[in-house]
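Take a look at the structure set out below.
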There are 2 protein chains.
Amino acid sequence: MPETPATSRRATHVTAAMVAARAGTSVATVSLVVNDKTKGRVSDENIERVRQAITDLNYIVDHAASSLARGTSNIILLVTPDVSNPFFGRVISGIQAEIGDRYQLLLSTTGEGQIPTAASVNQLTALRPAGLLIDAPNDAFLRDLPRETAVVLLDAPGDEDQAATVNFDLKSGVHDLVEHLHELGHRQIAYIAGRTGTETFLLRRRLLEESAAARGMVIHSADNSDSLINLDRAAEAFTTSWPEWHARGVTAVVCATDTHAYGALQAAINLGLRVPEDVAITGFDNLPYSTITSPPLTTVSLPGKELGRVSAQQLLAQIEGREVDLHPVLPARLIRRASTLGLSAN
Amino acid sequence: MPETPATSRRATHVTAAMVAARAGTSVATVSLVVNDKTKGRVSDENIERVRQAITDLNYIVDHAASSLARGTSNIILLVTPDVSNPFFGRVISGIQAEIGDRYQLLLSTTGEGQIPTAASVNQLTALRPAGLLIDAPNDAFLRDLPRETAVVLLDAPGDEDQAATVNFDLKSGVHDLVEHLHELGHRQIAYIAGRTGTETFLLRRRLLEESAAARGMVIHSADNSDSLINLDRAAEAFTTSWPEWHARGVTAVVCATDTHAYGALQAAINLGLRVPEDVAITGFDNLPYSTITSPPLTTVSLPGKELGRVSAQQLLAQIEGREVDLHPVLPARLIRRASTLGLSAN
DNA sequence: TTAATCAGTACAACGCAAGAC
DNA sequence: TGTCTTGCGTTGTACTGATTA
C-alpha cells in the first residue's frame, strides 16, 4: 500500500493522486469528476467525496499534464501586429468577454514592424493552442498556418478562402466616406497608412481609389513605408508630403486609422493649417479619443470589441464543432464630425 | 531496430523520437541539443546531425511535455485590470520587447470591474508560469498570490513588502502638479478616479491631499465608485459632480488617468465651460492623445513602456536567480499644457 | 592506480486522460 | 461503477564505457 506521495519533492502542488487518496478513490475517478464525465461511471456519493477533497486540498488540474494527455491545450492565441494601438485593447476585451475562463488568452505580437516568420509561427504551434485568432495578417503569415488548428482571421479581407474570417464592411464605409468628401467639394484626396502589406490597409486604399474614381476624384498616397500604427510617424508623413499634396490641390487627407489621423491632425496644426478649412482629415476606427480632438474627427467607425467577440464565437464554434456562418461581416459606419464638416462647398 | 514511429495516430506532429531516429541518436541526445546542454555530453558531429534532422523535420519542442517534465513553463503571465486602456498597450509593448521569444506572454484580465478571486488566481497557477507580472493589484489579490512563483508588482505602491515592485515616483509627480496648480491660483481641487481599491489610485489621491494641505488647498472627490478606466464614466462623474464642486469654488479637476481627463474635458465642454478659464483639468499617463485634445492636456507623465520593460527585466532576474534592485522607481514628470495654462492667477 | 572528463543511452518521472477491463 | 494501465513527449538522473591526466 503506497502512502500518499505528498511530500515527494516540494511540499507544494496538489495532484490528483492526493485528492484520490483523500477521497478514497482512484486517480481515474478524480479525473472523471473534474471533467464532468461521471455519467454512469461514478456514484453520487463518490462524486461528492471527490468534490469535497478537491475543495479541501484546493486542487487544480495541471495545465501541462492535461494538455499533454489530451493533445491540445485550452489556450487561445491572439496574434496581433501591434498591441499598443488602443483598437486592439477593444478587440482583446471582446475576446475575453466571450471566451470566459474556459480558455486562456495568450498574446503574441509579431513585434514592431516585423513580418512574422515561419519560425515564429511554429513557436506558437508548440503550445498546441485550442485555436488561433489572427488579426490583420499578411500573406506570408497565412501561408505558414498550421492547418490542424482552429483558426479565425480578423479584419483580413480577401482571405475568405483561407480560413474563417470576421471582416468589416469596409466597402460601404469607404463609399460613405468618399461620398461625404465629394459632397463637401473635395476632389483631390491623400491617403496615409502604415504597415505596407497588411491586407486591410491596402484594401482601404483600393476601395478609396475605386470609390473616388467613380466620382472623378483622385487619390494621392503618402510615400511612407511605415510598419507601425503610430501617431508620430503619421505626423512625419503628413509634414513631408503636404507641400506636394498642396501643390496638387489636395484638400482632404484620409488616414488608415484614427491614430494616423491624430498624427496628421497634429502635423497640420503645427504647419499652421486650419482643419477642415485648409485640409479635412478623417480616420478609421472611431476610437473614443476622436470625440475630443480639436476638431473632433470624422471617421469610419469599426466596432473593435464586436470584432473580438464575434471572432471568439467563431473560434469556439470551430473548436466545438458547431456550424456557423464562416464569414460574418460587421458594419462600418461613417461618423461625421468637425474635421470634415464646416468646409464650405466650393 | 524500431522503425520511425511516424504515422502512429496523426501523420502530423514531429517528436523528439523522430528526430533521434533520423539523426541516429537517442532521444536524450536530442533533448540535450535543443536545450544547449551539449557541453561534454554530445560530440560536435552528433550536434550537427541532430540540428540537421531538426531542420529537416521542422521539429519544435512540445510545450506541454516540456513544461510537465520541468515542472515549470515558459509562460509569463500579465494580470491587468483593464487592457482596453491604451496605457496597458504601452506596458505590453515594453514587456514583449524585453522577454523576446524565450518566454511567451499570457494575458489575464480580471474583467471589467471584477475583483479577482482566489479561484481565478488558482486558474493561473495551473499554468505553472515562469513568472507573474501583476499590474495595479488590490490587496485581496495579493493575499492569494502563490509564493513559489516569481512575481513582480507593477504600479503597486505600498506593496513593497509583498514582492518585487516597479513603481512610479508619484510623490514627486503629484508634488509638481499641486505646485503648478497652486501657482496658477487654484485652491479648491476636485479628484476623479475609478477603480476604488486600486492602491495606486488611492495613493494618487492621498498624495494629492497631503500636497494640497501643505499649501492650504482642499481636495474634493467625485462620488463615483467606478471600477473602470473609462472615458464615458468619467464624463458622467464630472457632469454629476460639477454643480456641487462649482458651488464650493472648485477651479481645477485632477483626474487619475488621462482617459478620465478626456472624459472630464468632454463633459466640461458639453456643459459650456471653458478650459482652463472656468476649470483646469489634468491627468496622469501622458498618452499620445493628450497633445491633440482641445485644449492639450496637462498631465503627469508615467512611462508605461518603461514600466513594462523594467518589470520584465526584474522578473527575468528573479527567474534566473540574478540579483537586482528589488524596488526600482521610474520618474513621473509633470507635463504642462494648455488645459491648465492660460488661466490668469487670481 | 585513481580520478576526472567526455560521449552517449536507458529509464523513471512529470500529472493527467481515456480505453480496456 | 469504478480501477488498471498505458501513453502523451520531455527532461534529468544514473549509468556505461572509454580516454586522458
Side-chain angles (χ1 to χ4, degrees), chain A residues 1-2 4-10 12-21 23-50 53-54 57 59-74 125-128 130, chain B residues 1-2 4-6 8-10 12-21 23-50 54 57 59-74 125-128 130:
Chain A
M1 280 289 122
T4 57
T7 53
S8 55
R9 294 204 320 196
R10 326 169 201 176
T12 65
H13 252 92
V14 181
T15 71
M18 300 182 198
V19 174
T25 69
S26 71
V27 181
T29 303
V30 174
S31 175
L32 290 173
V33 171
V34 294
N35 291 304
D36 260 334
K37 296 185 177 170
T38 52
K39 187 81 175 284
R41 313 276 319 243
V42 187
S43 65
D44 286 351
E45 191 193 324
N46 266 357
I47 292 179
E48 193 42 50
R49 296 170 66 87
V50 170
I54 286 175
L57 298 176
Y59 167 71
I60 304 131
V61 179
D62 183 81
H63 186 261
S66 174
S67 301
L68 180 59
R70 269 201 310 237
T72 179
S73 75
N74 74 339
T125 66
L127 294 164
R128 305 234 194 148
Chain B
M1 280 293 122
T4 58
S8 57
R9 294 205 320 198
R10 324 169 200 174
T12 65
H13 253 90
V14 182
T15 71
M18 301 181 199
V19 174
T25 69
S26 70
V27 181
T29 302
V30 174
S31 175
L32 291 173
V33 171
V34 296
N35 290 304
D36 260 334
K37 295 182 179 173
T38 54
K39 185 79 174 288
R41 312 275 321 241
V42 187
S43 64
D44 287 351
E45 192 193 323
N46 264 358
I47 292 179
E48 193 41 52
R49 297 168 66 87
V50 170
I54 287 175
L57 298 176
Y59 167 70
I60 304 131
V61 179
D62 183 81
H63 186 261
S66 175
S67 300
L68 179 59
R70 272 203 309 241
T72 178
S73 75
N74 73 339
T125 67
L127 294 165
R128 305 236 194 151

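Everything quoted here is computed from the prediction, not taken from an experiment. Every chain is numbered from 1, with letters handed out A, B, ... down the list of sequences. Below, each value reflects all heavy atoms present in this structure, side chains not excepted, and no hydrogens, waters or symmetry copies.
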To the nearest angstrom, how far is [X] atom [atom1] from [N] atom [atom2]?
| X | N | atom1 | atom2 | result |
| --- | --- | --- | --- | --- |
| B:E45 | C:dA7 | CD | P | 12 Å |
| A:N74 | C:dC16 | CG | P | 14 Å |
| A:R70 | C:dC16 | CZ | P | 12 Å |
| A:H63 | C:dC16 | NE2 | P | 13 Å |
| B:R128 | C:dC14 | CZ | P | 10 Å |
| B:I54 | D:dT10 | CD1 | P | 10 Å |
| B:R49 | C:dG8 | CZ | C1' | 13 Å |
| B:D36 | D:dG12 | CG | P | 13 Å |

Side-chain N or O of [X] closer than 4.0 Å to phosphate OP1/OP2 of [N]:
| X | N | result |
| --- | --- | --- |
| B:N35 | D:dT10 | no |
| A:S31 | C:dA18 | no |
| A:K37 | C:dA18 | yes |

Query raised in the report: Is there a donor-acceptor pair closer than 3.5 Å between any side-chain N or O of B:R128 and the backbone N or O of B:S73?
Result: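 Not confirmed, B:R128 side chain does not pair with B:S73 backbone.
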Regarding [X], tell me which of base, sugar-phosphate or nothing describes its non-hydrogen contacts under 4.0 Å with the strands shown.
| X | value |
| --- | --- |
| B:V61 | sugar-phosphate |
| A:S66 | sugar-phosphate |
| B:I60 | sugar-phosphate |

Note, [X] side chain near [Y] side chain (heavy atom, < 4.5 Å):
| X | Y | value |
| --- | --- | --- |
| A:V19 | A:V50 | yes |
| A:N35 | A:R70 | yes |
| A:D62 | A:T15 | no |

Looking only at heavy atoms, which two atoms of [X] and [Y] are closest? And how far apart?
| X | Y | result |
| --- | --- | --- |
| B:A20 | B:V27 | CB-N, 3.7 Å |
| B:R41 | B:K37 | CG-O, 3.6 Å |
| A:V33 | A:I47 | CG2-CA, 4.3 Å |
| A:V61 | A:S66 | CG1-CB, 3.9 Å |
| A:A65 | B:L68 | CB-CD1, 3.7 Å |
| B:V14 | B:Y59 | O-CD1, 3.5 Å |

**Report entry** Nearest-nucleotide pick for A:L68, side chain only, options being D:dC8, D:dT11, C:dC14
**Finding:** D:dC8
Requested in this report: Could you work out which one of C:dG8, D:dG12, D:dG9 sits closest to the side chain of B:V42?
Outcome: C:dG8
Distances under 3.5 Å only, N/O to N/O: pair up the protein atoms with those of nucleotides 9-13 of chain C.
residue	atom	partner	partner atom	Å
C:dT9	OP2	B:S26	N	3.2
C:dT9	OP2	B:S26	OG	3.1
C:dT9	OP2	B:T29	OG1	2.7
C:dT9	O4	B:R41	NH2	2.8

Report summary line: Judged by nearest nucleotide, the residue sitting upstream toward the 5' end of DNA chain C, B:T38 or B:A65, is B:T38
**Report entry** Helix axis bend for the helix from C:dT2-D:dA21 to C:dC21-D:dG2 - C1'-based end axes, five pairs, 10° rounding
**Finding:**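 Angle reported: 50°, given to the nearest ten degrees.
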